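FYI, side chains are in, hydrogens and waters are out, and symmetry mates aren't considered; it's all heavy atoms of this structure. Position 1 is the first residue of the sequence, and the numbers go up from there. Order of appearance sets the numbers: ligands from 1, and atoms from 1 within every ligand. Quick caveat: nothing in here was measured; it's all calculated off a predicted structure.
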Amino acid sequence: MNMFCFQCQETRYGKGCTAGGACGKSEETANLQDLLVYTLKGIAILEETRVERGGFIGKDLGDFLFASLYMTVTNTNFDPHRFISRIGEALAVTRGLRAALPAGTLPDPLPDMASWDAREEKLILAKSYTVGVLLTRDEDVRSLRETVTYGLKGIGAYAHHAASLGFYDPALARFVVRALAAISREEDVGRLFDLALGTGKAAIEAMELLDRAHRESLGLPEVTDLDIGTRGRPGILVTGHDLRAMRELLEQSTGAGIDVYTHGEMIAAQYYPAFRNFPHMAGNYGNAWWRQESEFASFNGPILVTSNCIVPVAGAYRDRIYTTGVAGYPGIPHITGQLSGGGTDYGALIARARACPPPVPLESGTRTGGFNHLRLAAVAEKMLDLVKRGSIRRFIVIAGCDGRDAERDYYRKVALALPGDAVILTAGCAKYRFYKLDLGEIEGIPRVLEAGQCNDCYSLIAFAARLREMTGLWDINGLPLSFDIAWYDQKAVLVLLALLHLGIRNIRLGPTLPAFLSPRILGAIVERYAVKTIGTPEGDVALMMEGR
Ligand code: SF4
C-alpha cells in the first residue's frame with residue numbers, strides 16, 4: 001500500500017483509497033497532501049509557543065495555513081507540482097519560526113514535523129511516503145485526529161475565502177494552530193473528542209465570518225428567480241466557491257461581448273446584488289460538480305475553476321479549462337497573473353471565450369433561491385404563524401454535498417415523498433437532486449428555501465437559532481426541524497461537527513457513514529447524538545415527520 005486516504009464519502013469500498021483515489025487523485029498527490037498537512041502541523045507546533053504567550057498570527061501566516069489546508073480538500077487540487085512548491089514554502093516558514101524562537105523555548109524534543117527539512121524535490125517526494133494517516137496506529141486516536149483535520153480543512157476553506165475579501169480573523173488562525181498542534185501529540189480519546197466538538201464551534205464562527213464577508217462585500221443576497229437557460233452569446237462558466245474571483249472576472253469582462261454563467265456551488269453568486277448589476281451576468285448552467293464532464297463539454301466556452309470541485313479533465317474541454325486560487329490540475333493552465341492595479345488577470349480567459357461558440361442549452365426557465373438567514377428572518381414570524389396554524393408541520397434540512405453515487409437519488413425521493421406541509425431548507429450542491437422539481441409553496445413560502453453554497457449552511461443554522469429564540473425553547477431539538485444531511489467532502493464534515501456542537505440530535509447522514517469514524521468513535525457519536533445513516537426515503541420521511 002503506497003497511499004492511504006479515507007477523507008471523503010467516495011473512498012474505495014467504504015474503507016480507504018490505497019492505489020490511487022476514486023476521485024482521480026494520484027498516489028503521488030495523495031502523499032504530498034499528507035506531507036503538506038504534516039508540515040503545517042510542524043508550523044503549528046512552533047507557532048503555538050508564541051501564540052500561548054499572547055502572540056498574534058498575522059494574515060500572511062494565517063491565510064497560508066488556511067489556503068494550504070484548503071488545497072487538500074477532495075477535488076480541489078490534483079497537481080503534485082503545486083504541492084511540492086507549497087511544501088517548500090511551508091518548510092521556509094518552519095525554518096523562519098525555528099530561527100525566531102528564543103533558545104530554550106523550542107519544544108524539547110522537537111517533533112519530526114517541526115524539525116524535518118528538505119530543499120530538493122526528490123527528498124520531499126521520499127518524505128511524503130512516510131507521513132500518512134496510518135502513522136497513527138490506534139484506530140480511535142487516528143479516527144479523531146483525522147476528524148479534526150478534516151474539520152480544519154473546512155475551516156481553512158471558509159476562512160481563506162473570507163480573508164481574500166479582507167475579512168481575516170486571527171482567532172480562527174489561532175484555533176487552527178492550537179488544533180493542529182494538539183492533534184500532533186494528543187492521544188487521549190476523550191480530549192480529542194472534545195476537540196472535534198470544539199472544531200464544530202469554530203466552524204460556526206468561520207461560516208459566520210464568510211457570510212459577513214460576502215454580505216459586506218457584495219450586498220445582502222436577494223431572493224431571486226435565477227435563469228437556468230442560456231443566452232445566444234459565447235460565455236465563460238465559473239465554478240467553485242470563490243466569489244472574489246467571480247467579481248474580478250465580471251469587472252474585467254464588462255463590454256467584452258460575452259456572458260458569464262455559474263455552475264455548481266457558484267450558483268450562490270446569482271443572489272448577490274453586486275453581481276446581478278452586471279448585464280453580462282447570465283444564469284446558472286447545469287448541475288452539481290460530478291456532472292461536469294458532460295456539462296463542461298456542452299458549454300462550449302472556457303471554464304474557470306476557482307476551488308473544488310474539479311474532476312479528472314476530459315478531452316472534450318481540456319483546451320478550454322483553467323484553474324485559479326487553490327484549485328489545480330496537472331497540465332491545465334493556472335491563472336495567477338496580476339493586473340498592475342491589483343486583481344488576477346483574466347484577459348486570456350476572456351479572449352478565449354470570444355472565439356468560442358455559445359453554450360448548448362440544457363434547460364430553460366427559472367428557479368428561486370437566495371434565502372440568506374436575514375431574508376429568512378424577515379419571514380420567520382409568518383412561518384411560525386403557519387406552523388401554529390398547522391400549515392407547516394415540519395422543516396427538513398436537506399443540505400450538504402451531491403456526488404456520483406447512485407444511492408444519492410434517495411434525496412430526490414425524500415423531497416418528493418415529503419408531505420405538502422413540509423418545507424425543505426437547503427444549501428450546498430446536495431440541492432441539485434431536487435432543486436428543479438416543482439414542489440410548490442405554502443401561502444407564498446416556497447417549499448424549497450435555498451440559501452446558497454455549503455458555507456451558507458450557516459443561514460440554516462442561524463434560522464434555526466432564530467426560531468428557537470422566538471419560540472422560547474431552550475433546546476433546539478424541540479423545534480419542528482429535522483436534518484437529512486448529504487456529505488461528500490471535508491466541508492460537509494465541518495458542517496456536521498457544527499451541528500453536533502449545537503447538540504442537534506437525530507441527524508441522518510448519507511449516503512454512507514464516514515469511513516474515518518472508527519466503530520468506537522461512531523458508537524460514541526450515535527449514543528450521544530442519535531446520528532443515523534439514511535434508510536428508505538418513505539421510511540425516513542415518516543420518521544422525520546414524527547420528529548424521529
Ligand atoms: Fe479516495 Fe476520497 Fe481520498 Fe480521493 S479524496 S483518494 S476518493 S478518499
Do the charged groups of Arg352 and Asp319 touch, with an N to O distance under 4.0 Å?
yes

Atom 1 (Fe) of ligand 1: which protein N, O or S atoms are under 2.8 Å away?
Cys17 SG

Can you tell me if CD on Glu293 sees more than 12 non-hydrogen neighbours from other groups inside 6.0 Å?
no

Side-chain donor-acceptor pair present, Glu10, Tyr488, cut-off under 3.5 Å:
yes

Under 6.0 Å between ring centres, would you say that holds for Phe299 and His263?
no

Centroid separation Phe64 to Phe66 less than 6.0 Å:
no

Validation row: His161, Asp242 side chains within 4.5 angstrom (heavy atoms):
yes

